[in-house]
Amino acid sequence: MKKITYAMSVLMMGLSFTACSESNNSNDENGNEFNVVNTTPLVDEDSYPQNTTTTSYSSKTFGQDAIDNCMALGQELENANTAIASAKLSEAQEAYLRKVLETLVGNVIVPTYTQLADDVEDLEKTLNGLTVSSITQTQIDKACTDFKQARQNWERSEAFLMGAASDFDIDPTIDSWPLNRSLLLNYFNNGMNDEMLEDATILGFHALEFILFRNGQNRKVAELQGNDTYTGFEKITGAQELAYAQTICTLLKQRCFQLQVAWEGETKANAARVAVVKAAGLDMTTAAGLSYGENLINAGISGSKSSFPTLKDAIAQVLSSDEGSCFAICNEVGTAKIANPFSNGDIAYVESPYSYNSITDFRDNIRSIRNVWLGSTDKKANQYSFHTFFASVKSDKVNTAIESNYVGAIEGISNMPAPFVKYCSVVWGKNFDDPENWDSTSEE
């Protein structure tokens, strides 16, 4: 069989991958010969020191740098997609990219959603054991730890919000912010009912965050055994808050189970979670009856019922579509999550203000892009990944551009003064907790 390698030609409209003559090659698992080059990717540090220097809070340089770095990464993601979209791909290259999508589903998307479902199930079990008569600080601390672990896996899924998270309104249902403090207070004062469970602005992660954390600290036993101390909530009891947290955590669990089984499909291993999803009356397949994993992997295959007409359409959705893609979350972090409160003074729009988890959230959003690019969650490039694809076609400049920019975006976000809510408050001279600043002017 003839051996094939690929060289890169830089064109004004992107990159053209051209088959060349014999060289060092290896067969892929489909029998296609392809020059697989698994180079070491650029990756970020696991942690960065917090910037808490007093003078930093009044400087706008840090926030603007973080925004600019996100915008630079977004541009490189679009460029990478253009390189593939404008290329005349060989059969071997198409087969390789299809394996990239298969790896993305099996090695990143399904494991991330499965771990998220595990974490939220743990959180529900912890919360359901809390009563005001027997509650301990250890139990509260465990709930807070469970919450942060779940939060990490959710934020690291936002580069692939396409599919189930968007089609079934899971994203807005479990992660709308800012928390509508006025509406939540009204329900606490006037009694809970089923109607309130239909308003996403008082559901999901951020309602749970408000109940479990204040000023970056885990709530204290004494407060949950008595009345709240938050401005305006002084007449609300901890018993009311715990009961509400338990109710909405169950809804959160159902939706996280839905994400897992919608992408994974029904299996013996996830049968119990499938049963929960079905009992809740939640959908779990595409309109054509496919799992979302099948839908992505079978892109462009005749008769597969995939919603993607071509392989390149699927890749564009993963990398650079306006919604649900790597580009989309990168753009959202820069132009909304950071810019709305920092650049526009919409102080209520700060995400995760009660746990002081904002900067961690933003970094994990960018890490979700890193995971998609590398086809793994361990900071190593999988044999079938966008990284190894571009290395194989000798387009190392694309890898360098993407990877240096996601590292740069994470570093820029990390350099912002922490907590982010304090940074925005100082820059704009506003108090986040003041009721006059409860309402956001931005839409989520």
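These numbers were taken from a predicted model, which means no experiment stands behind them.
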State, without any angle test, whether Q317 and D313 hold a side-chain donor-acceptor pair at a distance under 3.5 Å. no
Under a 4.0 Å N-O cut-off, is there an ion pair linking K99 with E94? no
Please answer whether the main-chain N or O of L42 pairs with a side-chain N or O of E403 as donor and acceptor at a distance below 3.5 Å. yes
State, to 0.1 Å, how close D283 and V277 come at their nearest heavy-atom pair, and which atoms those are. O-CG1, 4.4 Å
Heavy atoms of G375 and S385 approach each other most closely as N-CB, 3.9 Å
Among Y96, Y406, W373, whose ring pair (Phe, Tyr, Trp, His ring centres under 6.0 Å) with F386 holds? W373
Heavy-atom closest pair (F420 atom, S358 atom, distance to 0.1 Å) is CB-CB, 3.7 Å
Verify the distance criterion only: is there a donor paired with an acceptor across the side chains of D433 and T231 at less than 3.5 Å? no
Donor-acceptor contact present, side-chain Q137 to main-chain R219, <3.5 Å: yes
Run D122 and K142 through salt bridge (charged side-chain N to carboxylate O under 4.0 Å, His left out) and show every step you take. CA-CA 10 Å; D122 287 343; K142 174 64 164 57; 5.5 Å; no
Distance, nearest 0.5 Å, that separates CZ of F389 from CG of N399: 10.5 Å
Salt bridge present between R367 and E155 (N-O < 4.0 angstrom): no
Salt-bridge test for D175 and R151: reply yes if a basic N is under 4.0 Å from a carboxylate O, no otherwise. yes
Taking the side chain as every heavy atom from C-beta outward, state whether Q115 and T112 have any atom pair closer than 4.5 Å. no
How about N365 and K337: does a side-chain donor come under 3.5 Å of a side-chain acceptor? yes
Could you give the distance from CG (L184) to CG (N180), rounded to the nearest 0.5 Å? 8.0 Å
Should the heavy atoms of other residues, nucleotides or ligands under 6.0 Å from NZ of K379 be counted, would the total exceed 12? yes
Would Y292 and T286 satisfy side chain to side chain contact (heavy atoms under 4.5 Å, CB included), going step by step from the backbone distance to the final call? CA-CA 7 Å; Y292 280 84; T286 68; 3.8 Å; yes
Quick one: does any side-chain atom of T103 pair with a main-chain N or O of N107 as donor and acceptor, under 3.5 Å? no
Does any part of the side chain of I202, heavy atoms only, come nearer than 4.5 Å to the side chain of D199, both counted from C-beta? yes
D169: partners by salt bridge (Lys or Arg N to Asp or Glu O under 4.0 Å), with sequence neighbours left out: none
Can you tell me if N218 uses its side chain to pair, donor with acceptor, with the backbone of C144 under 3.5 Å? no
Between the side chain of D378 and the main-chain N/O of K380, is any donor-acceptor distance below 3.5 Å? yes
K430 side chain to G345 main-chain N or O, any donor-acceptor pair under 3.5 Å? yes
Ring centre gap for F205 and F210 strictly below 6.0 Å: no
Main-chain N/O of S376 paired with N382 side-chain donor or acceptor, under 3.5 Å: no
Has N69 got a side-chain atom pairing as donor or acceptor with G408's backbone, closer than 3.5 angstrom? yes
Taking all heavy atoms of L208 and all of A245, pick out the closest pair and write down the distance. CD2-O, 3.5 Å
Given side chains that start at C-beta, do those of F188 and K235 come closer than 4.5 Å, heavy atoms only? no
Do S442 and D346 get their side chains close enough for a donor-acceptor pair, meaning under 3.5 Å? yes
Centre-to-centre under 6.0 Å for F432 and Y354, is that the case here? yes
Should we count CG of D322 as having more than 12 external heavy atoms under 6.0 Å? no
Do K125 and D146 meet the salt-bridge criterion of a basic N to acidic O distance under 4.0 Å? no
Main-chain N/O of N189 paired with N186 side-chain donor or acceptor, under 3.5 Å: no
Does E323 have more than 12 heavy atoms from other residues, nucleotides or ligands lying within 6.0 Å of its CD? no
Do S414 and E411 have a side chain donor and acceptor closer than 3.5 Å? no
Hey, are Y113 and N153 close enough side-chain-wise for a donor-acceptor pair under 3.5 Å? no
May I ask you to test the M162-V318 pair for a side-chain heavy-atom distance under 4.5 Å? yes
Carefully, step by step, assess I366 and R363 under the rule side chain to side chain contact (heavy atoms under 4.5 Å, CB included). CA-CA 5 Å; I366 304 301; R363 286 192 302 233; 5.9 Å; no
W263 and G163: which non-hydrogen atoms are nearest, and at how many Å? CZ2-CA, 4.4 Å
Could you give me the CA-CA distance, side-chain angles and deciding distance for Q149 and L123, then say whether side chain to side chain contact (heavy atoms under 4.5 Å, CB included) is met? CA-CA 9 Å; Q149 185 59 48; L123 175 59; over 6 Å; no
No-hydrogen, no-angle side-chain donor-acceptor test under 3.5 Å, T39 and H387: yes
Is it the case that E264 and N270 place a side-chain donor and acceptor less than 3.5 Å from each other? yes
Could you go through S306 and N298, starting from their C-alpha distance and side-chain angles, then the distance that decides it, and tell me whether this counts as side chain to side chain donor-acceptor pair (under 3.5 Å)? CA-CA 6 Å; S306 172; N298 293 328; over 6 Å; no
Does a side chain donor of either Y230 or R181 reach within less than 3.5 Å of an acceptor in the other side chain? yes
Ignoring hydrogens and angles, state whether a donor on the side chain of S355 or S352 is under 3.5 Å from an acceptor on the partner side chain. no
Does I413 reach the side chain of Y48, with side-chain heavy atoms less than 4.5 Å apart? no
Apply the test side chain to side chain contact (heavy atoms under 4.5 Å, CB included) to residues S343 and I67: give CA-CA distance (whole Å), side-chain angles for both, the deciding distance (0.1 Å), then the verdict. CA-CA 10 Å; S343 301; I67 292 169; 3.4 Å; yes
Listed partners of E124 passing salt bridge (Lys or Arg N to Asp or Glu O under 4.0 Å), at least two apart: K253
Run the salt bridge (Lys or Arg N to Asp or Glu O under 4.0 Å) test against K278 and tell me which residues pass, sequence neighbours left out. E266
Would you indicate whether E195, at its atom CD, is surrounded by more than 12 heavy atoms from other residues, nucleotides or ligands within a distance under 6.0 Å? no
Within the 4.5 Å heavy-atom criterion, are I170 and I174 side-chain neighbours or not? yes
Would you indicate whether the side-chain heavy atoms of S368 and D364 approach each other to under 4.5 Å? no
Considering all heavy atoms, the nearest C256-V120 contact: SG-CG2, 3.8 Å
Looking at F342, is its backbone amide N or carbonyl O close enough to the side chain of W428 to form a donor-acceptor pair, meaning the two atoms are under 3.5 Å apart? yes
Once you round to the nearest 0.5 Å, how far does OG1 of T82 lie from CD of Q75? 8.0 Å
Please find out if less than 6.0 Å separates the ring center of F213 from that of Y356. no
Flag the pair V43 / L374 as yes when at least one side-chain heavy-atom distance between them is below 4.5 Å, and no otherwise. yes
Salt bridge or not for R273 and E121, using N-O below 4.0 Å? yes
